[in-house]
2 protein chains.
Amino acid sequence: MGKSDTATPRQRYRAQVRTEIKEHAWKQIAEAGASALSLNAIAKQMGVSGPALYRYFAGRDELITELIRDAYRSLADAVHAVAATGADPAGIAHVLREWARTDPQRYFLIYGTPVPGYHAPEEITGISQEIMADLLTACAALEPDAPATPFADHLADHRDWAGGHPAPPAALHRVLTFWTRLHGVLSLELAGHFAGMGFDPARLYEAEVDALRAPLGRAPGGLRS
Amino acid sequence: MGKSDTATPRQRYRAQVRTEIKEHAWKQIAEAGASALSLNAIAKQMGVSGPALYRYFAGRDELITELIRDAYRSLADAVHAVAATGADPAGIAHVLREWARTDPQRYFLIYGTPVPGYHAPEEITGISQEIMADLLTACAALEPDAPATPFADHLADHRDWAGGHPAPPAALHRVLTFWTRLHGVLSLELAGHFAGMGFDPARLYEAEVDALRAPLGRAPGGLRS
DNA sequence: CGTTTGCGTGATACCTTCTAACGAAACTTT
DNA sequence: AAAGTTTCGTTAGAAGGTATCACGCAAACG
């Protein structure tokens, strides 16, 4: 299956060990977070000596970078799978929550506390734009002639990040709002900030998904003017 | 001034060294994040031996816990200072953003990636409720007779976290939305996820603050029914 | 079947947190 | 003021982490 047939035995072995290392890494991350990831512990679990892993990853940082890349890839695939069925933003939102709750630490690897000085490789920003493209398509289809908000006007002049996607400014605004609002609920929920509060986070998430169906500007019945 | 006069010299000295340690800790956190905080490095900067710090903090965890507590305290004070002037939620939102941008790592210490297994001490949940109380008062005053949303009905049965505050269910919903939406924009901005995108994060934040003025339910002009 | 390539090892250097034992300084009590 | 007690800072060391190095050996290749 795939290109593993054409590769040399050395390459096949190398790839297999690399994925095995990453599997153990994910297990550690899920249990104790990314900060507790230890090459030494992985080596011990695999029954090999510590320095052996340096044949496969230049160091802890490269391993984590690879894990981040895989996490982005997984999220992009999950989003694209549902977007390809013609799902609306609400459908994507539910897939996003499922994906995040499957492995909270994987979500935090992408959207969690950044390490000062770390810069994502070019490849990752590419995957990020894949996700944006699916979101833009879904949001543009939802309400083709939504009224342009003041912020949407600002976005009309700063739409480089959309990568040439033909979505109208209102859709750009909606995508960013989709992203920030759902991330707001999700990250606080996964971080346990709602823990002792009693209410059901799923309903708050649902309320925000519902709100995203409404037009984004100041609502007509709103306060002041 | 204060109680430092009544304390014994030993207690005064101890408190002074503790705050000095914490100042160096904040400097390190601001520069390299909480994960890079090193007791040894602090000791070196203070011109003192490593284990000396253990006279003042039981360990790295206790120091970080104390920093988290101070961060919460600082945020609660900032919010309360502006809330006491009768500011509306938008005013609090601006103070929140100022506070967060002053020291992003301090914000992430509170709302960033959680360490699995860590549980916040009782005192911190108390400070958290102080903030909630100010938010509830501001939101309840904004729109006293806002229509109750489905989620607000759910909150009416789960309002323990409000700590007996007399705010109506619609205000409870508004407070949670205030929290999650602003955190969504802020955390992504501070984490640098908007970095190469070109638009102005302040305007997105402002757009969300504006949206919080509108009623929370499905807007009348919304899609589907 | 020889050569080459690459893998895993132990030794080593340098970090980290944290404990233990000791000497000195400072505060308290007599 | 002198003696006693508490507390502080030190050095030494254990345990564990990242990462580099030289070495031996086995597997792949020609």
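Below, chains carry the letters A, B, ... as their sequence lines are ordered, and counting in each starts from 1.
Here D:dG9 presents its C1' atom at 17 Å from NZ of B:K44, a figure rounded to the nearest Å. Protein atom CD of B:Q16 is 13 Å distant from nucleotide atom P of D:dC8, rounded to whole Å. At whole-Å resolution of the value, CZ in B:R18 and C1' in D:dT7 are 15 Å apart. What separates CE of B:M46 from C1' of D:dT10 is a distance of 15 Å, to the nearest Å. With rounding to whole Å, B:Q11 atom CD is found 15 Å from D:dT6 atom P. Note: CZ (B:R14) to C1' (D:dT6) measures 12 Å, nearest angstrom. Note: CD1 (B:I21) to P (C:dT17) measures 13 Å, nearest angstrom. We find that CD of B:E20 is positioned 10 Å from P of D:dG9, with the value rounded to whole Å.
Using a cutoff of 4.0 Å between basic side-chain nitrogens and carboxylate oxygens, A:E206 and A:R203 are not scored as salt-bridged. A salt bridge links A:E130 with A:R73: the closest approach of a Lys/Arg side-chain nitrogen to an acidic carboxylate oxygen falls below 4.0 angstrom.
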Between the protein and nucleotides 23-30 of chain C, are there any N/O to N/O pairs under 3.5 Å, and if so, what are the atom names and distances?
none

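The aromatic ring centroids of B:F199 and A:H154 lie 6.0 Å or more from each other.
The two atoms that bring A:A211 and A:R181 nearest to each other are CB-NH1, 4.1 Å, heavy atoms only. Between A:M132 and A:W161 the shortest heavy-atom distance is SD-CZ3, 3.9 Å.
The side chain of A:N40 places an N or O atom within less than 4.0 Å of a non-bridging phosphate oxygen (OP1 or OP2) of D:dT18.
Annotation: side chain to side chain contact (heavy atoms under 4.5 Å, CB included) contacts of A:V82 (sequence neighbours excluded): A:T85, A:A87, A:I92, A:V95.
Considering CD of B:Q28 and CD of B:Q45, their distance stands at 6.0 Å, rounded to 0.5 Å.
Proximity of residues 49-65 of chain A to DNA chain C (heavy atom under 4.0 angstrom from any strand atom) is restricted to A:S49, A:P51, A:A52, A:R55, A:Y56.
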Practice item. Tell me, with the steps shown, if B:W99 and B:D77 meet side chain to side chain contact (heavy atoms under 4.5 Å, CB included). Key: CA-CA 11 Å; B:W99 184 89; B:D77 289 348; over 6 Å; no
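Heavy-atom contacts from other residues, nucleotides or ligands closer than 6.0 Å to NE2 of A:H94 number more than 12.
Place B:V48 and A:S38 on DNA chain D by their nearest nucleotides, and B:V48 ends up nearer the 5' end.
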